[in-house]
Amino acid sequence: MVLTRRTRLRCHQVARSLQAYLDGEVVPRRADQIAAHLEECRQCGLDAETYRIIKATIATSSAPDTDAREAVVRLRGFVERLASADND
Amino acid sequence: MTEARRSSPDERAAAFDSYVVPHLEVMYRVALSLTREPPDAEDLVQDAVLRAYRAIDRFDGRYPRAWLLTIVRNTHYNRMRRRTPFLFRDGESAEAALGSLGDHEPSAESVVVDPQLEAVVAEALNALPEKFRAPVDLVDIHGLTYQETADALGIPIGTVMSRLHRARRRIRTQLDTVGFVPGKEMA
């Protein structure tokens with residue numbers, strides 16, 4: 001995407017949308033604008049990197065998915081028993 | 001999609017397969033975020049599933065995930081309010097009707113990526129007030145969208161965004177105090 005002065009974002013605009021950008025919650029055009037700014041602006045780029053690391057650390061340090069998978073298997077069994085009890 | 005009223009057990013089971021079973025995992029993740037304890041989360045989802053089962057005839061088939069997350073949230077708040085311990089408050093027999101449930105497994109050790117960084121982030125996360133921590137849990141750990149998080153917590157999407165922003169800023173402040181800079185080893 002070619003960025004003109006009109007489409008270039010300023011730091012405060014990026015800061016306002018940064019969290020949504022990192023969460024994949026901005027529209028593609030806005031994401032392109034933010035990505036372009038992060039490439040050019042060292043301070044905003046560092047901010048974004050810090051928040052990316054925070055997000056990744058929270059995600060990877062949470063309980064392993066095996067617990068959730070086992071719980072979901074048990075819950076599926078619960079649903080099946082519920083349906084079969086309804087049929088009786 | 002609006003369908004005719006479903007009334008037979010087979011039809012209810014089919015509707016449940018379509019609308020509920022695919023979302024059990026996200027229901028569990030939301031429940032875990034609300035209760036913080038895996039056994040409590042599983043109980044909460046069971047309770048929510050029962051409510052969904054009773055309400056499936058009235059469900060129009062639109063936005064099942066949002067519908068179910070709302071049920072999980074409301075069920076959680078009802079349980080908190082009543083402080084009654086478990087399911088089948090209407091006198092149903094859980095064991096007779098549904099069989100026993102499996103034992104709850106204890107949580108396994110976390111996967112450690114960067115212990116020092118992880119410790120600071122975990123401490124900062126745990127220090128957050130509940131209303132700020134919950135959106136972080138749902139978005140970062142459980143991968144919910146903002147809209148799903150709003151549905152699950154019963155708050156507007158703008159509130160989800162502002163709480164996420166404030167929560168992460170607090171965590172970031174904690175990292176700043178220990179001299180964290182991306183790409184450099186922590187002191």
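Predicted model, so just to flag it, every value in this text is computed and none were measured. Letters go in sequence order (proteins before strands), and every chain restarts at 1. Because only heavy atoms are used, hydrogens play no part in the values below, and waters and symmetry mates are left out as well, while side chains stay in.
Classification of the B:Y53-B:F16 ring pair by plane angle, with boundaries at 30° and 60°, yields perpendicular.
Residue with the most contacts toward chain A among B:V20, B:D137, B:V49: B:V49 (heavy-atom pairs, distance under 4.5 Å). For chain A, the option among B:L164, B:D17, B:I171 with the highest count of heavy-atom pairs below 4.5 Å is B:I171. Between chain B and the residues A:R52, A:E25, A:R76, A:Q19, the largest count of heavy-atom pairs under 4.5 Å involves A:E25. Your options are A:L46, A:D23, A:V72, and the one with the most heavy-atom pairs under 4.5 Å with chain B is A:D23. Annotation: maximal heavy-atom pairing with chain B below 4.5 Å, among A:V73, A:L18, A:T50, occurs at A:T50.
The shortest heavy-atom contact between B:S33 and B:E130 is O-OE2, 4.3 Å. A pairwise comparison of heavy atoms in A:Y21 and A:A31 identifies CE1-O, 3.5 Å as the closest pair.
Residues B:V121 and B:V178 are members of one and the same hydrophobic cluster, defined by side-chain heavy-atom contacts under 4.5 angstrom among Ile, Leu, Val, Met, Phe, Trp and Tyr.
Residue B:Q46 is tested with A:V79, A:L82, A:L75 for a side-chain contact (heavy atoms from CB on, under 4.5 Å); the sole match is A:L75. Partner A:D47 forms a salt bridge (Lys or Arg N to Asp or Glu O under 4.0 Å) with one of B:R169, B:R172, B:R168 and no other, that one being B:R172.
B:E148 places a side-chain N or O within donor-acceptor distance of the main-chain N or O of B:T145, the cut-off being under 3.5 Å. In this structure, the side chain of A:R8 does not engage the main chain of A:H37 through any donor-acceptor pair within 3.5 Å.
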- [ ] Let me see the working for A:F78 and A:R81 under side-chain contact (heavy atoms from CB on, under 4.5 Å), right down to the final yes or no.
- [x] CA-CA 5 Å; A:F78 176 82; A:R81 291 194 294 277; 4.2 Å; yes
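Contacts between residues 152-162 of chain B and chain A, counted as heavy-atom pairs separated by less than 4.5 Å, involve B:M161.
If you measure heavy-atom distances from A:A48 to chain B, you find no contacts under 4.5 Å at all.
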